[in-house]
Amino acid sequence: MNRRTAIQALAGAAVHAWRADGETSGLSLRFSTAATHFTESLPLGNGRLGAMIFGGVDEERIVLNESSMWSGSRQNADREGAAQHLPEIRSLLLAGKNAEAERLVNQHFICAGKGSGSGRGKEVPFGCYQTLGDLRLRFAPGGAPGGYKRELDISRAVARVEYERDGVRNTREAFVSAPAEAIVIRLTASRPGALTLDAQLSRAERATVSAEGNNSLRLAGQLHNGTDGNGTKFDARLTVRAIGGRVSTAGDSLHIETADEVLLIVTAATDYRGFAGRPRAEADAAPTAPYNALLAAHTADYQKYFNRVSLDLGTAPGPSLAAFYFQYGRYLLISSSRPGGLPANLQGIWAEEIQTPWNGDWHLDVNVQMNYWHAESAALSDLHSPLFALIDSLVEPGSKTAQAYYGARGWVAHVVTNPWGFTSPGESASWGATTSGSAWLCQHIWDHYLFTGDRAFLRKAYPALSGSARFYADMLIEEPSHHWLVTAPANSPENAFQTPAGERAHVCMGPTVDMQLLRYLFAACIEASRILGVDSAFRAELEAKRARLAPSRAGSDGRLMEWLEEYPEPEPRHRHVSHLWGLYPGSEITPEETPQLAQAARQSLERRGDASTGWSLAYKINLWARLGDGDRALKLLTMLLAPVSANKTATNYSSGGGSYPNLFDAHPPFQIDGNFGGSAGIAEMLLQSHNGLIRLLPALPAAWPEGKATGLRARGGFTVDIAWRGGRLTSAAIHSALGGPCRIRHSGKITRHTTKPGGVVRIRENS
Ligand code: FUC
């Protein structure tokens with residue numbers, strides 16, 4: 001048995017009955033019943049194509065997805081003459097008249113047109129990510145099934161359904177192959193000729209289904225573009241290969257009779273030719289290779305990502321579920337974000353709706369960034385690239401927006417974006433005036449460089465990074481009390497405050513999050529320009545402006561201040577914790593370097609409370625991990641893993657967060673950021689590497705006394721293996737890809753090393 005198999009075998013012994021009919025075991029998620037709801041079904045994907053397996057006995061439903069199923073179209077949503085109103089908005093803010101300023105923003109400074117359509121934008125130009133449709137398999141009726149099992153094996157990215165009926169053992173196996181660009185489903189039965197079924201493709205609107213030849217169905221249509229109706233065209237095909245029996249088509253359905261074995265293959269494509277650079281005019285031809293060859297190519301492709309990291313937290317149910325959840329977050333990113341494709345959206349790529357919640361878009365005030373929080377630390381750095389392609393796609397439209405509203409150089413994106421280059425503010429000042437979405441996106445460029453040391457990447461990304469810094473350098477103004485430089489107008493994302501006159505307002509100057517983001521962005525740009533030997537004059541400008549940005553401060557009640565003023569808060573338990581950005585994912589606040597601010601951040605977290613939406617719980621895991629409090633981080637992880645009923649999908653903005661039966665994060669509704677943020681949080685509990693220090697087991701909870709992780713990544717090009725027992729590190733190996741200095745904190749001390757490329761620092765502690 002090799003090391004990996006040994007770990008899996010060990011983990012395989014631990015079964016966590018996650019809910020009445022569901023459990024995790026090793027790297028599998030298992031159910032003893034079929035799914036009724038989407039949030040019980042099993043997700044499969046190759047980054048572009050997705051499938052959700054329900055596993056019904058009389059009727060199998062498989063929800064089909066394609067990542068560019070976006071309605072809407074390119075538009076100019078910049079408001080004509082907006083910049084003329086900027087001086088007045090700013091004067092009101094400088095005079096402390098925030099509510100008046102907010103009224104002006106609502107009148108003159110939001111986007112033109114319908115914006116996101118209040119999050120229901122399927123027929124406005126912003127558009128909406130939508131389901132491709134359903135594949136349904138209807139089986140001949142029979143007796144009651146026995147021995148039912150439905151399982152997702154994330155070590156191979158294969159779903160399997162098994163049951164016995166009328167003396168016949170039936171199995172279904174499904175996966176979504178990247179090499180074959182196809183959804184592949186195989187049906188087998190223990191008795192020859194036992195497979196009789198109808199197959200149908202359907203979509204609730206804007207599609208027609210037709211038979212092609214005697215073994216294939218075609219589903220085709222066109223989404224609304226928000227103007228004349230002629231938007232993205234799509235095309236999906238179901239092709240059937242059967243061993244034994246007969247296959248025929250009639251109308252819009254396919255009939256399979258008395259087959260021994262059936263292979264169903266779905267291919268699909270749209271004519272979207274946006275920034276993802278993957279033009280497809282029609283569905284790819286169905287692959288013709290035999291099932292076993294398709295499966296072998298698929299698992300090899302998948303495992304080249306998945307097998308980079310192993311995590312064993314022991315066999316007790318809680319820790320083994322946490323280890324599964326960590327790997328599940330990796331599984332979901334491998335399945336929803338591949339080079340050349342679109343980035344994972346609010347639901348990754350999985351949606352059963354035509355109108356997905358919040359348009360299934362990319363929210364820039366935490367959500368899309370959280371989707372990639374674990375990309376570097378959990379060794380999926382190459383899957384980060386769709387986010388960089390999104391950033392590049394925003395530079396040109398964002399430069400127009402920067403001019404139209406702020407008369408500024410550079411580019412800006414506000415709160416929401418789509419595959420059509422939307423960069424204007426949102427349609428309401430209460431959330432849409434957030435100006436730092438683009439700064440937060442650019443953090444990912446620099447962080448990718450910190451992890452990989454990839455200069456060619458940095459050179460390519462520098463125009464986006466510096467263009468973003470240029471925008472903020474131009475849009476800063478001086479506030480009157482301390483003469484600090486601040487953003488204006490701005491929001492502390494989605495949170496409200498009360499003005500001295502007792503009015504509820506959102507629009508402000510220099511919210512803490514903006515200042516932290518700009519300190520990070522300017523520092524990154526200064527450093528990048530030095531590394532690349534470019535832009536010395538701009539570097540000097542950034543250095544001077546960076547020194548004058550409003551600092552992070554503790555308020556009179558000991559909390560980290562969210563705004564420049566200590567405003568009363570109508571919602572002290574608000575889900576966003578944006579002002580703690582400097583603690584995570586930023587790193588200007590650390591318990592070692594800024595103990596008072598770290599204490600203030602702790603105080604803010606206490607007052608905010610733990611309970612919240614799914615992604616907010618995930619954010620707090622990372623924040624407590626950065627504070628070095630593993631037990632509290634675990635408490636938040638446990639809350640993120642709290643079972644939420646499959647049908648509890650109505651939007652809850654306060655405290656309903658947890659996990660659906662299929663371990664999809666429940667905001668509610670389903671929103672995948674919590675999965676990814678939770679995975680990142682677990683990594684952050686075991687290993688941290690910000691500010692030039694690798695910290696081994698920085699926030700290990702008491703409930704995880706023993707464990708082992710291999711392949712985690714640290715900034716500086718390091719790959720880290722760690723093992724611990726009795727809550728103490730026993731051994732570590734830090735593999736260096738790039739060479740260079742390496743400072744490591746472990747077991748209460750800091751050691752310094754010099755590494756060579758390919759070298760290893762080994763640590764052994766006496767236990
Ligand atoms: C932001 C959050 C909401 C939700 C939405 C998609 O608006 O405040 O909680 O996650 O994004």
Side-chain angles (χ1 to χ4, degrees), residues 70 110-111 115-122 126-129 336 343-351 353 355-373 390 413-418 422 425-437 440-441 490-497 506 511 513 562 569-581 608-622 639-640 644 648-660 664-678 680:
W70 263 90
I110 55 172
C111 57
S116 73
S118 308
R120 300 190 60 77
K122 84 178 168 85
F126 186 88
C128 162
Y129 178 64
S336 63
N345 63 43
L346 282 169
Q347 297 188 186
I349 51 172
W350 298 281
E353 305 93 341
Q355 175 62 65
T356 43
W358 297 289
N359 299 321
D361 68 11
W362 298 297
H363 265 59
L364 308 181
D365 61 348
V366 68
N367 315 92
V368 74
Q369 291 90 346
M370 187 179 283
N371 283 1
Y372 289 87
W373 276 1
L390 174 69
H414 290 79
V415 193
V416 288
T417 194
N418 61 9
F422 188 93
E427 64 266 27
S428 162
S430 63
W431 54 274
T434 296
T435 35
S436 50
W440 194 337
L441 279 174
N491 291 150
S492 186
E494 310 191 25
N495 203 1
F497 54 88
H506 308 78
V513 59
E562 183 161 356
E569 293 148 274
E571 278 187 73
R573 300 191 161 245
H574 197 272
R575 62 196 175 281
H576 281 272
V577 282
S578 315
H579 52 312
L580 306 185
W581 191 93
R608 211 63 148 203
D610 292 336
S612 196
T613 63
W615 66 257
S616 180
L617 296 170
Y619 200 155
K620 291 169 190 167
I621 299 171
N622 289 278
M639 294 173 76
L640 183 60
V644 171
K648 214 170 170 187
T649 52
T651 306
N652 178 342
Y653 279 107
S654 52
S655 58
S659 297
Y660 289 115
F664 268 178
D665 165 56
H667 176 289
F670 161 45
Q671 206 174 284
I672 206 160
D673 40 20
N675 286 100
F676 295 142

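Any value given below was found using the heavy atoms of this structure, including those in side chains, with hydrogens, waters and symmetry copies removed. Source: prediction; values computed, not measured. Every number for a ligand or one of its atoms is a count from 1 in the order of the listing.
- No heavy atom of T613 sits closer than 4.0 Å to any atom of ligand 1.
- Across all non-hydrogen atoms, the minimal contact from N418 to F126 is ND2-O, 2.9 Å.
- Counting atoms of ligand 1 from 1 in the listed order, those under 4.0 Å from a heavy atom of W358 are 4 (C), 5 (C), 6 (C).
- Considering backbone and side-chain N/O of D673, none are found under 3.5 Å from N/O of ligand 1.
- Of the protein's non-hydrogen atoms, the one nearest atom 1 (C) of ligand 1 is E494 OE2, 3.0 Å.
- Annotation for ligand 1: atoms under 4.0 Å from non-hydrogen atoms of R575 are 2 (C), 3 (C), 8 (O), 9 (O).
- For a threshold of 3.5 Å applied to N or O pairs, the pair formed by Q671 and ligand 1 contains at least one separation below that value.
- Between W358 and H667, the ring center distance clears the sub-6.0 Å criterion.
- Remark: side-chain polar atoms of Y619 are not paired, donor with acceptor, to backbone N or O of G677 under 3.5 angstrom.
- Here the side chain of D673 pairs no donor or acceptor atom with the backbone of M370 at under 3.5 angstrom.
- Looking at E569 and R608, a side-chain N of the basic residue comes within less than 4.0 Å of a carboxylate O on the acidic one, giving a salt bridge.
- For atom 11 (O) of ligand 1, the closest non-hydrogen atom of the protein is H363 CD2, 3.0 Å.
- The part of N367 lying near ligand 1 is the side chain, judged by heavy-atom distances below 4.0 Å.
- Only the side chain of W615 comes within 4.0 Å of ligand 1, judged by heavy-atom distances.
- One N or O on the side chain of N491 and one on the backbone of T434 form a donor-acceptor pair closer than 3.5 Å.
- What sits closest to atom 9 (O) of ligand 1 on the protein, heavy atoms only, is H667 NE2, 2.7 Å.
- The two residues Y653 and T651 make their nearest non-hydrogen contact at CE1-CG2, 3.6 Å.
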